[in-house]
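First up is the structure itself, then whatever we jot down about it.
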Amino acid sequence: MVRLKKKDRLYYARIIPKTRIFEVCEVFARTVEDTWFVAIDKRDKHAYLFIYDDIGKILFYERKEALSKVLEAEKNCPKIEYETNYGEY
């Protein structure tokens, strides 16, 4: 198991297909415990709670790995129809 230390840099592949969010966030470990840790986004200071099993799945040490995960998810995401047709009354 990989042990993190405070201030370790990771890249979070943030993928939320229903809202069409596909981005890579640069995060730093803020709180590190035995089975979980909190990472804070460098840009907007948003805090995310993760478990150690997330490393290698949605969290990566290399930005290139996170970017390829995001691009693959975006490419394979089904197109969602956002427009709703309403009848006039």
Side-chain angles (χ1 to χ4, degrees):
M1 179 192 311
V2 177
R3 290 297 304 169
L4 287 176
K5 298 182 299 285
K6 285 185 178 184
K7 299 183 182 178
D8 279 357
R9 179 187 311 178
L10 295 163
Y11 295 94
Y12 171 34
R14 187 167 176 231
I15 301 167
I16 308 172
K18 289 193 184 262
T19 57
R20 306 289 296 164
I21 295 175
F22 301 95
E23 63 183 2
V24 176
C25 301
E26 185 177 355
V27 297
F28 294 93
R30 180 181 75 182
T31 306
V32 179
E33 295 294 330
D34 293 336
T35 58
W36 58 273
F37 61 97
V38 175
I40 190 164
D41 191 303
K42 179 182 177 182
R43 277 183 314 158
D44 63 4
K45 306 302 183 217
H46 187 96
Y48 299 99
L49 176 66
F50 297 106
I51 59 174
Y52 281 103
D53 290 341
D54 291 336
I55 298 174
K57 295 177 184 172
I58 59 172
L59 283 167
F60 303 92
Y61 285 103
E62 298 293 326
R63 186 179 187 285
K64 186 185 251 185
E65 293 177 58
L67 182 60
S68 68
K69 182 85 167 181
V70 166
L71 292 175
E72 179 183 328
E74 190 172 17
K75 183 178 78 172
N76 296 330
C77 180
K79 299 296 178 196
I80 299 171
E81 181 64 40
Y82 290 103
E83 188 174 311
T84 305
N85 295 321
Y86 296 101
E88 291 189 29
Y89 295 100

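Because only heavy atoms are used, hydrogens play no part in the values below, and waters and symmetry mates are left out as well, while side chains stay in.
For Phe50, the ring pair (Phe, Tyr, Trp, His ring centres under 6.0 Å) partners two or more places apart in sequence, or in a different chain, are Tyr12, Phe37.
Taking CZ of Arg63 as the reference point, atom OG of Ser68 lies at 11.0 Å (rounded to 0.5 Å). Note: Lys45 NZ to Phe28 CZ = 8.0 Å, rounded to the nearest 0.5 Å.
Residue Tyr61 is not grouped with residue Tyr11 when hydrophobic side chains (ILVMFWY) are merged at heavy-atom distances under 4.5 angstrom, including chains of intermediate members. Connection of Leu67 to Phe60 is not established within any shared hydrophobic cluster, with ILVMFWY side chains joined at heavy-atom distances below 4.5 Å, either directly or through further cluster members.
The only option from Asp53, Leu4, Ile51, Leu10 that meets the side-chain contact (heavy atoms from CB on, under 4.5 Å) definition with Leu59 turns out to be Leu10. Checking Asp41, Asp54, Val38 one by one against Tyr48, the side-chain contact (heavy atoms from CB on, under 4.5 Å) holds for a single residue, Asp41.
In this structure, the side chains of Thr31 and Trp36 come closer than 4.5 Å at one or more pairs of heavy atoms. A 4.5 Å side-chain heavy-atom check between Tyr52 and Val32 finds at least one atom pair inside the cut-off. By the 4.5 Å heavy-atom criterion applied to side chains, Val70 and Ile15 are counted as neighbours.
Contact record, Pro17 with Cys77: CB-SG, 4.0 Å, taken as the closest heavy-atom pair.
The pair Glu26-Arg9 meets the salt-bridge criterion, with a side-chain N (NZ, NE, NH1 or NH2) lying under 4.0 Å from an Asp/Glu carboxylate O.
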